[in-house]
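Here is the structure we will look at.
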Amino acid sequence: QLMVWAAPNAPRWLYENGVPEVAVPPRLNPFRKVVTVTFPHYLDPDYEGYFQRMIRAFGAYILSLPEEQRSRIAFVQSAEGSTGDGQPYKGVPIDARYNITPEQWDGFRARTWDAYREAFSVDGKQLLPILINPDNRREAELDYMMNYMEPVAAKQGMFSHGYHISETIDRLTHWRAYEAQALALGKPTLTRGEQDGEWNICGWSKQNPEQAFYWSALFALHCGLDIWNVPMDALATVDLDETVKFFNFHAGY
C-alpha cells in the first residue's frame, strides 16, 4: 500500500514560492508530547497546482513500474490534509483567513480524488484502487466514493486503534449502510486501519502489549476490517505471531 503525506511540515519551498503557511496552536500529540506544526493553505491556487502536479508525477512513476512490481501494490491511499486523516488542520488556524469550511473541504477533497483517479488510469481504466478516509462521514464525500470509486475503499482508523472506541455503534451502523449500498451496486469494499504508535505509551496497552494487541485484533475483526497494519516496532519486540495469524485468517470475515 502506498500513501504520500502532504502535511504537516510540507516542504519549505512551497512557502518560499507564495503558498501561505498556516500556524495552529501547540497541541498534545498521541505520544503525549507538545508539538507545534504548520500546514499549507490547501485552498491556495498555487498549492493546489503543486499538489496535483505531484499526484500526476507519482501516478506516472507507479504506472511505469514493471507489472511484477506494480501487482504487489494493493491500493493507493489519498492523503489530502493532516497525515492520512480526514481534516485539513489539526487545530484551528491562528489567522482566521485560512479557516476552511466543511463545504470547501468537500470540494478540495473531491478535486484531489479526481486527480488520483486520472493519474492512476490508462485509457480511462483505473489500474489501482484509491482508498480515502471517510471518518468525517460527510454525505458529499461518501456519495463521491459510491459514484466514482471501485472498489469502495476506506480507511477506518477508529476500528484499529484499540478496543471499544467511542461511538462504535454509530460508526459501524453508518459504515455498514454504505457497504450494503455498495453491494447492491455490485461494488466490492475494502477497509484498512493501523494500530498506532501510542501502543507503547498508553497504560492500557503498555502494561500488557500482547493482551492489548489481541483485543485490538478482536475489535478490528468485529468491525469487519480487511487490513490491520501493526507497527513494525511492535512486530519486532512483542510476541504477536498468533494474534496476527488470527486476524489474517478471519480478516473481513
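Worth saying up front: this structure is predicted, and the values here are computed from it rather than measured.
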Answer yes if the side chains of [X] and [Y] hold a donor-acceptor pair under 3.5 Å, and no otherwise.
X	Y	value
Q211	W215	no
S216	Q195	yes
Q87	W105	no

**Prompt:** Crowded around E118 CD? As in, over 12 foreign heavy atoms under 6.0 Å?
**Reply:** no
**Request:** Answer yes or no: does atom CD1 of I169 have more than 12 heavy-atom neighbours from other residues, nucleotides or ligands under 6.0 Å?
**Result:**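 12 or below, so no.
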Do [X] and [Y] have side chains that get closer than 4.5 Å, going by heavy atoms?
X	Y	result
Q181	V152	no
E80	R111	no
Q77	W5	no
E210	T243	no
P209	N200	no
Y98	Y89	yes
Y178	M146	yes
L225	Q156	yes

Consider only side-chain heavy atoms of I, L, V, M, F, W and Y, link residues closer than 4.5 Å, and tell whether [X] and [Y] are in one cluster.
X	Y	answer
L131	L183	no
L128	V122	yes
M158	W175	no
Y214	V238	yes
Y61	Y116	yes

Going from [atom1] on [X] to [atom2] on [Y], what distance comes out if it is rounded to the nearest 0.5 angstrom?
X	Y	atom1	atom2	answer
F75	M3	CZ	CE	8.5 Å
I100	D106	CD1	CG	11.5 Å
T168	F159	OG1	CZ	7.0 Å
F51	Y42	CZ	OH	8.5 Å
H174	R176	NE2	CZ	14.0 Å
L127	E67	CG	CD	8.5 Å

**Item:** Shortest non-hydrogen contact between Y47 and A6, atoms and distance
**Value:**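 Heavy atoms of Y47 and A6 come nearest at OH-CB, 3.5 Å.
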**Asked** What's the verdict on side chain to side chain contact (heavy atoms under 4.5 Å, CB included) for H161 and F219, showing C-alpha distance, side-chain angles and the deciding distance?
**Response** CA-CA 9 Å; H161 283 322; F219 181 66; over 6 Å; no
Determine yes or no for a side-chain-to-main-chain donor-acceptor pair under 3.5 angstrom, with [X] supplying the side chain and [Y] the backbone.
X	Y	result
N133	G84	yes
R70	L63	yes
S160	G157	yes
E141	R138	no

**Request:** Identify which one of I130, I55, I132 satisfies the side chain to side chain contact (heavy atoms under 4.5 Å, CB included) criterion when paired with T112.
**Result:** I55
**Request:** Mind jotting down which residue pairs meet the ring pair (Phe, Tyr, Trp, His ring centres under 6.0 Å) criterion with at least one end in residues 181-204? Sequence neighbours excluded, please.
**Result:**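 Non-adjacent pairs meeting ring pair (Phe, Tyr, Trp, His ring centres under 6.0 Å): W199-F213.
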**Asked** Does the pair R192 and D226 meet the rule for a side chain to side chain contact (heavy atoms under 4.5 Å, CB included), with working shown?
**Response** CA-CA 6 Å; R192 70 154 287 267; D226 295 301; over 6 Å; no
**Prompt:** Ion pair present between R32 and E198, side-chain N to carboxylate O less than 4.0 angstrom?
**Reply:**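 Judged by the 4.0 Å cut-off on N to carboxylate O distance, R32 and E198 do not form a salt bridge.
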**Request:** Could you pull out all residues at least two apart from R117 that satisfy side chain to side chain donor-acceptor pair (under 3.5 Å)?
**Result:**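 Residues passing side chain to side chain donor-acceptor pair (under 3.5 Å) with R117: D114, Y144.
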**Request:** Could you go through the side chain to side chain contact (heavy atoms under 4.5 Å, CB included) check for L172 and H222 one step at a time?
**Result:** CA-CA 10 Å; L172 266 180; H222 169 70; 3.7 Å; yes
**Request:** Check the angle between the aromatic planes of Y50 and W13 and answer parallel, tilted or perpendicular using the 30° and 60° thresholds.
**Result:**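 It falls in the perpendicular class, over 60°.
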**Asked** Should the pair F58 and F120 be assigned to parallel (<30°), tilted (30 to 60°) or perpendicular (>60°) ring geometry?
**Response** perpendicular
**Message:** Once side-chain hydrogen bond (donor to acceptor under 3.5 Å, both in side chains) is applied, what residue pairs with a partner in residues 15-26 remain, sequence neighbours excluded?
**Reply:** R12-E21, E21-T38
**Message:** Quick one, L235 with V244, criterion side chain to side chain contact (heavy atoms under 4.5 Å, CB included). Give me CA distance, side-chain angles, the key distance, then yes/no.
**Reply:** CA-CA 9 Å; L235 290 171; V244 172; 4.1 Å; yes
